[in-house]
There are 2 protein chains.
Amino acid sequence: MADIDSGSERPASRKRADARRNEKTLLDAAAAAFVASGVDVPVRDIAARAGVGVGTIYRHFPTRADLIVAVYRHQIEACAEAGPALLADSSTPHTALVQWINLFVDFLITKHGLAAALQSDDAAFRTLHAYFLDRLVPVCDQLLDAAVAAGEIRPDMDAYGLLRGVGNLCIGAGSDPRYDARRLVELLIAGLRLR
Amino acid sequence: MADIDSGSERPASRKRADARRNEKTLLDAAAAAFVASGVDVPVRDIAARAGVGVGTIYRHFPTRADLIVAVYRHQIEACAEAGPALLADSSTPHTALVQWINLFVDFLITKHGLAAALQSDDAAFRTLHAYFLDRLVPVCDQLLDAAVAAGEIRPDMDAYGLLRGVGNLCIGAGSDPRYDARRLVELLIAGLRLR
DNA sequence: CCAAGATACGGAACGGCGTTCCGGATGCCA
DNA sequence: TGGCATCCGGAACGCCGTTCCGTATCTTGG
């Protein structure tokens, strides 16, 4: 679960060279396939794109969630790290919260099917769900706490529920021009404000 | 699409007796299966429950959506009809809107997987989507208009978007005690209020 | 440089699913 | 009761995720 040598010293390269090459190829192929056909793209399509067999995918990424997380890890990290930064730079915690939520929404609505996968109770997506939550709930919590402390929002909203709600609202956005997820999320956040 | 003889005069009973019997049996079996395993229950399970072959299901209900609509038609109608009634009985349009949305939410969160099916872009669910929208959007529109006319909510929200948002928020409710869809919908509606 | 062992690969194979199809059974009416 | 339109059951097909294993490739010690 933890990618220890992410920066990568070379600890005598545990894995075979072709394996490392394939892993990179797969990540690129998956990213392209996700863009073209959504995160629900058939595994065989990703394999074909990468020019490998399906078995190779499962050896590198035992579950579909692992592959999705690997593809989007950087963006999720960036989103998580933006939280404290926004809090420091914004005039009020509420502003920071709004901007951070917007970041999250922008991320979700540009990844066709990701929001839906996030909420799926399918066992294969459990770890996807878990990764997002582990990484983002604490950040959201910090923003909420700050806004509550500043007396800007009601104190009875939990980060978990808020993030799931926002994620849910993003489902189907982008595939229907009449549905404006961004606006609904704005309304939801507006509903948090004390008046 | 339109079930003409819903009340059912007997127009010389077009269909064979066994066919009519099977249709009723199927509706009951499907309702039970939906309760037990959600609206995504495998077609074979419904067939087994009803003691018929899968072909029989597809003859009576060409798409899965047709079956779902048939099972829930009464409740959807009731919800639609409650709109004007609430508007007439409530002290303010906004109260009526809130109560009506609550009705809709209660309906959705007790039907495991229905909210998700509603938002699915799968072709098989297109008509499900369409039926809900055709029936409920006008009602919601009427409630919104009244609340806007009374100066209670912002005037720039459309019924379609609101209903989809509410439907989205109901996805996954009931399968996770930490996720309170009802509360989030309340917040969303609160965000509509003029302050 | 060359085995021999370790590692990774490809894609056939399996089970579950929705959906289609058709030979055979069944209700209906004359 | 006979003949026909209708309906039924479940086998069959294609798509999908996932597993499995014979084969190919890399690595390393000699």
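Throughout, protein chains are lettered first and strands after them, A, B, ... in sequence-line order, and every chain is numbered starting at 1.
- Applying the side chain to side chain donor-acceptor pair (under 3.5 Å) test to every pair with at least one member in residues 136-154 of chain A, sequence neighbours left out, gives these pairs: A/T92-A/E152, A/R154-A/D156.
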Only pairs under 3.5 Å count here: list side-chain donor-acceptor contacts from residues 133-140 of chain A, not counting sequence neighbours, and write none if there are none.
from   : atom 1 : to    : atom 2 : distance (Å)
A/R135 : NE     : A/E77 : OE1    : 2.8
A/R135 : NE     : A/E77 : OE2    : 2.9
A/R135 : NH2    : A/E77 : OE1    : 2.7

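- Closest approach to the A/R64 side chain among D/dG17, C/dG27, C/dG10 is made by D/dG17 (side chain taken as heavy atoms from C-beta onward).
- In this structure, B/R126 has no side-chain hydrogen bond (donor to acceptor under 3.5 Å, both in side chains) partners at least two apart in sequence or on a different chain.
- The separation between A/R21 atom CZ and D/dT27 atom C1' is 14 Å, rounded to whole Å.
- Here the closest non-hydrogen pair linking A/F34 and A/V39 is CD2-CA, 3.7 Å.
- Across the protein-nucleic acid pair, A/I68 atom CD1 and D/dG17 atom P stand 11 Å apart, rounded to whole Å.
- Checking B/P62 against B/A17, the closest nucleotide of DNA chain C that is more toward the 5' end is the one next to B/P62.
- One can place CZ of B/R59 at 15 Å from P of C/dT26, the figure rounded to the nearest angstrom.
- Applying the 4.0 Å criterion to OP1 and OP2 of C/dC9, one finds that A/N22 has a side-chain N or O inside that range.
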Derivation and outcome, side-chain contact (heavy atoms from CB on, under 4.5 Å), residues A/I46 and A/V41 = CA-CA 7 Å; A/I46 303 175; A/V41 63; 3.7 Å; yes
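- For C/dA8, neither phosphate oxygen OP1 nor OP2 lies less than 4.0 angstrom from any side-chain nitrogen or oxygen of A/T56.
- In terms of position on DNA chain D, the residue among B/G51 and A/D45 whose nearest nucleotide sits closer to the 5' end is B/G51.
- Taking the side-chain hydrogen bond (donor to acceptor under 3.5 Å, both in side chains) definition, one finds that B/D121 meets it with nothing, sequence neighbours left out.
- Residues meeting the side-chain hydrogen bond (donor to acceptor under 3.5 Å, both in side chains) test with A/R193, sequence neighbours left out: A/H94.
- When distances are taken from the side chain of B/H60 to each of C/dG18, D/dG9, D/dC8, the shortest belongs to D/dC8.
- Atom C1' of nucleotide C/dT19 and atom CG of B/D40 are separated by 16 Å, given to the nearest angstrom.
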Are there any protein N/O atoms within less than 3.5 Å of an N/O atom in nucleotides 4-6 of chain D, and if so, which ones and at what distance?
from  : atom 1 : to    : atom 2 : distance (Å)
D/dT6 : O2     : B/R16 : NH1    : 2.1

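- For A/Y58, whose side chain is taken as the heavy atoms from C-beta onward, the closest listed nucleotide among D/dT18, D/dT27, C/dT19 is D/dT18.
- Base pairing in DNA chain D yields stems of at least 3 consecutive Watson-Crick or G-U pairs, both distances under 3.5 Å, namely C:1-30 with D:1-30.
- Sorted by first and then second residue, the ring-ring contact (aromatic ring centres under 6.0 Å, His included) pairs with a member in residues 100-123 of chain A read A/Y72-A/F107; sequence neighbours excluded.
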For residues 81-90 of chain B, which side-chain donor-acceptor pairs fall under 3.5 Å, sequence neighbours excluded?
from  : atom 1 : to    : atom 2 : distance (Å)
B/S90 : OG     : B/L86 : O      : 2.8
B/S90 : OG     : B/Q99 : OE1    : 3.3

Every protein N/O within reach of nucleotides 12-15 of chain D N/O, cut-off under 3.5 Å:
from   : atom 1 : to    : atom 2 : distance (Å)
D/dA12 : N6     : B/R44 : NH2    : 3.2

Under 3.5 Å, which donor-acceptor pairs link side chains of residues 173-181 of chain B to any protein atom two or more places apart or in another chain?
from   : atom 1 : to     : atom 2 : distance (Å)
B/S175 : OG     : B/G172 : O      : 2.9
B/D176 : OD1    : B/R178 : N      : 2.8
B/D176 : OD2    : A/Y160 : OH     : 2.2
B/D176 : OD2    : A/R164 : NH1    : 3.0
B/Y179 : OH     : A/N168 : ND2    : 2.9
B/Y179 : OH     : B/L169 : O      : 2.7
B/D180 : OD1    : B/R182 : N      : 3.2
B/D180 : OD1    : B/R183 : N      : 3.3

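- D/dC26 atom P lies 13 Å from atom CZ of A/R20, rounded to whole Å.
- A straight line from CG of B/L67 to P of C/dG18 spans 12 Å, rounded to a whole angstrom.
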ask   = When you look at A/I153 and A/I189, which way does the side-chain contact (heavy atoms from CB on, under 4.5 Å) test go after all the steps?
value = CA-CA 9 Å; A/I153 64 171; A/I189 305 295; over 6 Å; no
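- Residue pairs meeting the ring-ring contact (aromatic ring centres under 6.0 Å, His included) criterion with at least one member in residues 47-71 of chain A: none, sequence neighbours excluded.
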